[in-house]
There are 2 protein chains.
Amino acid sequence: MTVAQDVPSAPTGDPAGAGTDGASTRERILDIALELFSSQGYDKTSLREIADRLGFTKAAIYYHFASKADILMALHLRLHEFGREALDAMGDDASPASWARLLDRLIDQMLQQRALFIFHERNRAAIEELHRSEHDAGHEDIQDRLRKVLSDGSVPAETRVHMACAIGAVVGALEFSGDVFGSIPDDQLGDILRGVVASLLTESSGG
Amino acid sequence: MTVAQDVPSAPTGDPAGAGTDGASTRERILDIALELFSSQGYDKTSLREIADRLGFTKAAIYYHFASKADILMALHLRLHEFGREALDAMGDDASPASWARLLDRLIDQMLQQRALFIFHERNRAAIEELHRSEHDAGHEDIQDRLRKVLSDGSVPAETRVHMACAIGAVVGALEFSGDVFGSIPDDQLGDILRGVVASLLTESSGG
DNA sequence: GTCTATATTTCGATAGAC
DNA sequence: GTCTATCGAAATATAGAC
């Protein structure tokens, strides 16, 4: 599969592919796909459905993407960009301090890009299948890197579990943020989550 | 769809359908499905694949289940049984104390039935699609009930977020428990998780 | 309870016109 | 860049023999 297709994103010469709509067709496809993949799942969403929403036919999508999986990968890479940045703020060490630094960044990004994170959670099977079927040369997955850090045997078991719980807590809360926590402002939600992370990664916690 | 098919689970008269193998064919189908749905996802797993593993053909499955979705529903109900029990230990009130009681039960059940929980997490889109397409008369979903409790406006926002984080922490840790935390005994893991839950649901936490 | 064989449908993907 | 038309593959599901 060709992830980055040699597609003329701006054949008319406009900078970011801003076409008739302000967003390139490619981006509009991704936006609709994100919405449908999140609500129905990747497999239950057909290319015809995506095309219908955009007002053209299935075949047109193939001008912008080499395959359906290519759309999935593009969305995955969108998320990956945010994750990579947060990961780079952390070293490779497994200290609670650096983990807290990672989550601090992640909380803000999740709240700003929550649709992307929720999509990612609801389609884990499809995305991991993607990683299996391709030889992701040089594409180190976020999940793998997190696992690597959490596997560090030199860190006490309790600490590592606390680290896993911290990220689980943030992700878990995010899933309710749309509807159940809809009335809580993002700022406040972020503050609460940072507090949770801090309490989980502090020596005295957990008994 | 007929969720509970009128199938002769024990046509030869044996109590729990124990056939040639000690488990009824229906249960064996569910076990293989659980394994494949978890590793590959529901959509990427074909009935042929399940049948092959069991040594017979696809058509035989239709004797035991009315449809592929019926298998998914049966597995969902397996989990639902455990969740229901834990939920009943909690009232309908949204106090942190009752929430802690819920999670206490849930931790043990998750550790014992972790395959079932992981399956559920990796196939959320498919399962929710199931809920949409059927008129689940009387089938109140666990997720819905949790949302209802977390929506209780009479409870402070911070407390509700902490409750969401607590369940997220437990579920999040569970996902690493297979490989990354494989060397940690279940007893110890359970204790750590109970500690995490307690710290999250205590007044002083979170700053 | 399991088999063979087949019906039916849906979808991803391609070719080529415009 | 989008269209029409179509191919081919795969999967669910059914019918009926044994």
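Source: prediction; values computed, not measured. Quick note on labels: first sequence line is chain A, next is B, and so on, each numbered from 1.
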Do [Y] and [X] meet the salt-bridge criterion of a basic N to acidic O distance under 4.0 Å?
X      : Y      : result
A:D43  : B:K44  : yes
A:K148 : A:D141 : no
A:D186 : A:R114 : yes
A:E27  : A:R78  : yes

task: Compute both the distance and the angle, then confirm whether A:K68 meets the cation-pi test with A:Y42: under 6.0 Å from the six-membered ring centre, within 45 degrees of the axis.
output: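 Yes, A:K68 lies over the aromatic ring of A:Y42.
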
Among the candidates [options], find the nucleotide nearest to the side-chain atoms of [X].
X     : options               : result
B:S67 : C:dT14, C:dC3, D:dA13 : D:dA13
A:K68 : D:dT4, D:dA13, C:dG12 : C:dG12
B:Y63 : C:dT2, C:dT14, D:dA13 : C:dT2
B:A60 : C:dT2, D:dA13, D:dT2  : C:dT2
A:H64 : D:dG1, D:dC3, C:dG12  : D:dG1
A:T57 : D:dA13, C:dG12, D:dT4 : D:dT4
B:A59 : D:dA15, D:dT12, C:dT2 : D:dA15
A:K58 : D:dA13, C:dA13, D:dC3 : C:dA13

For [X] and [N], give me the distance from atom [atom1] to atom [atom2], rounded to whole Å.
X     : N      : atom1 : atom2 : answer
B:Q40 : D:dA10 : CD    : C1'   : 15 Å
B:I29 : D:dT12 : CD1   : P     : 14 Å
B:E49 : D:dA11 : CD    : P     : 8 Å
B:R48 : D:dT12 : CZ    : C1'   : 14 Å
A:D43 : C:dT10 : CG    : P     : 17 Å
A:Y62 : C:dA17 : OH    : P     : 21 Å
B:F65 : C:dT2  : CZ    : P     : 12 Å
A:I71 : C:dC11 : CD1   : P     : 14 Å

query: Within the structure, does a side-chain N or O atom of B:S46 lie under 4.0 Å from either OP1 or OP2 of D:dA10?
result: no

